[in-house]
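Here is the structure we will look at.
Just so we're on the same page: letters track the sequence lines, and every chain starts at 1. None of the values given here were measured: they were computed from a predicted structure.
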Amino acid sequence: MALRVYDTRSRAKRDFEPHVPDKVRIYACGITPYSPSHLGHARQAIAFDVITRWLRHSGYDVHYVTNFTDIDDKIIAAANEQGVDFSQVAETNIADYYTVMDAMNVLRADAYPRVSETLPEIIDMVEILIEKGHAYVGNDGVYFDIDSAPEKYGQLTGQTLEMVRAGAGGRVAETGSGKRDHRDFALWKLAKSGEPSWGSPWGEGRPGWHIECSAMSLKHLGETFDIHGGGADLLFPHHEAEIFQSECCLGIEPVVKYWLHNGLINVDGEKMSKSLGNFWTISDTFEHVDPLSLRYALLNAPYRQPIEFNMAMLEESEKHHERMIAVYGAALVAAGSAAWAGCDTLEAASERFTTGMNDDFNSRTAMVEVQAVVRELRTLLDKGTDAELIAAGVGWLDEFAGDILGLLPAEDTVRASVAHGEGARSDLASIVEPLLEQRAAARTASDWTRADEIREELNALGVVVEDRPDGPVWRLE
RNA sequence: GCACGGGUGGCAGAGUAGCUAUGCAACGGACUGCAGAUCCGUGGACCCGGGUGCAAAUCCCGGCCCGUGCUCCA
């Protein structure tokens with residue numbers, strides 16, 4: 001089955017056909033680095049990470065760009081508050097972004113352009129928009145003139161000019177802005193005293209929010225590209241503004257072939273956001289679970305659906321993820337890794353996995369298959385036969401759970417962790433084994449009280465004993 | 001208010017007309033002195049009201065509810 005993707009602009013799933021066969025150009029709106037990254041950023045980054053991984057797996061040559069909006073009002077505000085330069089705020093938070101994203105196996109994009117490195121291109125674009133009559137210079141900056149392209153209004157959100165006109169009257173007069181119409185938006189903001197600024201034909205200032213993404217996507221991907229992504233909260237005004245800017249500047253429609261928007265994260269039924277103050281930063285979340293367990297939790301729903309986030313769902317994901325790693329590790333150590341092709345069960349699993357991913361990158365459906373294979377593998381390990389099949393299962397997990405979903409730690413890490421567990425095991429063996437012998441004797445004598453006492457002593461040492469039909473086994477908690 | 005999504009079993013989440021989704025949880029059984037692990041099995045849902053169809057969770061109409069957006073936000 002061919003890949004189909006849901007395109008926000010056409011509000012339908014469409015067959016995926018990039019402009020240039022076999023090549024895909026993606027731009028995803030990244031972060032404004034004014035504070036440490038939160039779960040919303042994780043969801044966005046992981047969603048597009050898996051999308052690019054799947055496209056590459058499907059044979060496309062992918063060029064993936066995501067940006068840092070490192071010049072922004074909120075960064076300036078944070079810098080003033082902290083008494084540091086705005087660029088320092090941006091650097092600190094960009095470093096945090098890389099750290100947490102790396103920990104979650106988010107592969108690096110091909111480019112991370114920044115506003116601060118794209119000013120000439122932004123200025124060029126604004127000049128063209130003015131020349132073409134799509135923008136005008138007001139007393140405090142340059143604005144996009146909505147009335148110059150009214151037919152483009154509401155491309156993503158379905159709103160009309162009149163609706164928004166009715167919804168937000170009077171705001172312009174209050175702010176004293178140089179806008180002619182409150183729906184116009186800033187392309188260039190002239191600096192007030194003390195604000196960081198850059199030179200432009202219209203005076204010292206900085207780019208408005210929106211224009212940077214039009215300029216960066218043009219610079220890095222060209223006049224048209226295939227996928228533009230971002231969080232659903234960017235639909236309006238950010239992405240609609242981009243459509244105005246890019247299409248009016250270039251005289252091309254559409255510039256973006258498919259618009260993909262990831263769903264937001266809810267906490268207690270409402271959107272998690274900085275403005276509501278109910279957000280979890282990613283590093284906070286790492287205090288509770290392994291970064292890859294968090295990744296698991298965030299891939300356990302289709303990327304477009306909202307996720308209701310709470311400790312219960314996080315813990316459940318952690319449980320599933322840890323079991324997956326444990327089974328994977330045991331199988332890896334027991335039998336290594338081998339090609340899975342030719343094994344009917346695994347072929348069928350990969351087919352269902354593929355069908356799911358080809359249906360608008362449904363990672364949830366894909367994860368169901370991963371869980372099924374893990375379960376299968378656990379059974380095989382329990383029986384301890386068929387090393388070949390176990391190795392094939394490991395190979396399958398390497399490819400699907402590892403390469404595509406990014407849920408597996410590096411093989412060396414897994415081996416080390418298994419070895420570490422075995423090391424701890426052998427350290428304890430001299431204590432545990434005699435106790436187990438005593439317990440076996442007690443059990444033979446039907447002295448259940450004594451047997452249970454010994455089991456509890458072992459529990460206190462962090463040792464879990466399980467009586468199997470063929471004798472007791474023990475492991476570390 | 002307007003726009004865009006969505007409402008499926010305890011939870012997550014498949015499923016665009018007819019056949020068990022699946023996972024976790026629950027329950028029952030096997031195994032066990034017990035517990036745990038594992039295996040087998042069971043129950044349980046389609047927001048409400050109409051309509052079209054031999055047949056609707058699935059299509060149409062109306063209503064209700066939830067989320068998001070309506071110029072801070074991934």
Side-chain angles (χ1 to χ4, degrees), chain A residues 6 8 11 13 28-32 34-35 37-48 66 69 72-74 77 154 156-160 162-168 171-172 175 179 182-186 208-210 229-238 240-241 261-266 269-276 279 297 300-302 304-308 310 312-313 315-317 319-320 323 352 355-356 359 362 364-365 367-372 374-375 378-379 381-383 442-443 446-449 451-452 455-456 459 464-469 472-475:
Chain A
Y6 185 92
T8 309
R11 284 178 210 118
K13 279 184 194 168
C29 282
I31 61 161
T32 298
Y34 70 98
S35 64
S37 294
H38 60 71
L39 291 179
H41 301 130
R43 165 91 124 152
Q44 187 274 131
I46 290 169
F48 286 91
T66 191
T69 300
D72 172 88
D73 293 3
K74 284 190 296 262
L156 298 174
T157 57
Q159 303 180 100
T160 65
E162 285 65 33
M163 287 168 185
V164 179
R165 197 197 301 277
R171 219 171 293 178
V172 177
T175 60
K179 288 182 188 182
H182 75 272
R183 296 157 305 171
D184 292 348
F185 52 88
W209 182 46
H210 310 315
D233 54 347
L234 295 181
L235 238 27
F236 189 94
H238 187 58
E240 292 216 348
H261 291 96
N262 63 274
L264 306 180
I265 287 179
N266 294 150
E270 67 180 351
K271 182 177 75 164
M272 185 190 81
S273 74
K274 289 179 186 172
S275 51
L276 290 171
F279 65 94
N300 209 208
R304 296 182 58 245
Q305 294 306 121
I307 288 180
E308 179 64 34
N310 54 54
M313 70 81 85
E315 281 168 2
E316 185 174 321
S317 291
K319 186 173 76 179
H320 292 163
R323 182 166 63 187
R352 287 188 295 267
T355 301
D359 182 12
N362 192 332
R364 166 67 201 189
T365 310
M367 300 253 285
V368 167
E369 291 310 315
V370 171
Q371 285 184 28
V374 167
R375 194 177 168 199
R378 190 173 50 187
T379 309
L381 282 167
D382 240 22
K383 288 180 186 153
R443 293 183 75 210
S446 295
D447 183 355
W448 310 126
T449 312
D452 289 346
R455 186 163 62 193
E456 272 166 40
N459 284 161
V464 179
V465 182
E466 290 176 9
D467 295 313
R468 302 277 180 93
V473 297
W474 63 280
R475 61 186 160 80

Roughly how many Å is it from [atom1] in [X] to [atom2] in [N], rounded to a whole number?
{"X": "D447(A)", "N": "G33(B)", "atom1": "CG", "atom2": "P", "result": "15 Å"}
{"X": "H41(A)", "N": "A74(B)", "atom1": "NE2", "atom2": "P", "result": "4 Å"}
{"X": "H210(A)", "N": "G69(B)", "atom1": "NE2", "atom2": "C1'", "result": "13 Å"}
{"X": "K271(A)", "N": "A74(B)", "atom1": "NZ", "atom2": "P", "result": "9 Å"}
{"X": "E240(A)", "N": "C70(B)", "atom1": "CD", "atom2": "P", "result": "11 Å"}
{"X": "F185(A)", "N": "C70(B)", "atom1": "CZ", "atom2": "C1'", "result": "15 Å"}

Gap in Å between the two [atom1] atoms, one belonging to [N] and one to [M], rounded:
{"N": "C4(B)", "M": "U16(B)", "atom1": "P", "result": "23 Å"}
{"N": "G28(B)", "M": "G18(B)", "atom1": "C1'", "result": "32 Å"}
{"N": "A37(B)", "M": "A55(B)", "atom1": "C1'", "result": "46 Å"}

With heavy atoms under 4.0 Å as the rule, sort [X] into base, sugar-phosphate or nothing.
{"X": "G154(A)", "answer": "nothing"}
{"X": "H320(A)", "answer": "sugar-phosphate"}
{"X": "I265(A)", "answer": "base"}
{"X": "G231(A)", "answer": "sugar-phosphate"}

Reading 5' to 3' through nucleotides 35-42 of chain B, protein heavy-atom contacts under 4.0 Å coded B for base, S for sugar-phosphate only, - for none: BBSSSS--
Protein-to-nucleotide contact annotation, 5' to 3' order, nucleotides 4-14 of chain B [B base; S sugar-phosphate only; - none; under 4.0 Å, heavy atom]: SS------BSS
Under 3.5 Å side-chain donor-acceptor pair for N300(A) and R364(A): yes
T32(A) side chain near C73(B) phosphate (N/O to OP1/OP2, under 4.0 Å): no
Stacking of F236(A) on G69(B) base (centres under 5.5 Å, planes under 30°): no
Test item: F48(A) and N262(A) side chains (from C-beta on) under 4.5 Å apart, heavy atoms: yes
Counterpart residues, side-chain contact (heavy atoms from CB on, under 4.5 Å), relative to R443(A) (two or more places apart): R439(A), W448(A), A451(A), D467(A)
Counterpart base for G28(B), defined by Watson-Crick or G-U wobble contacts under 3.5 Å: C40(B)
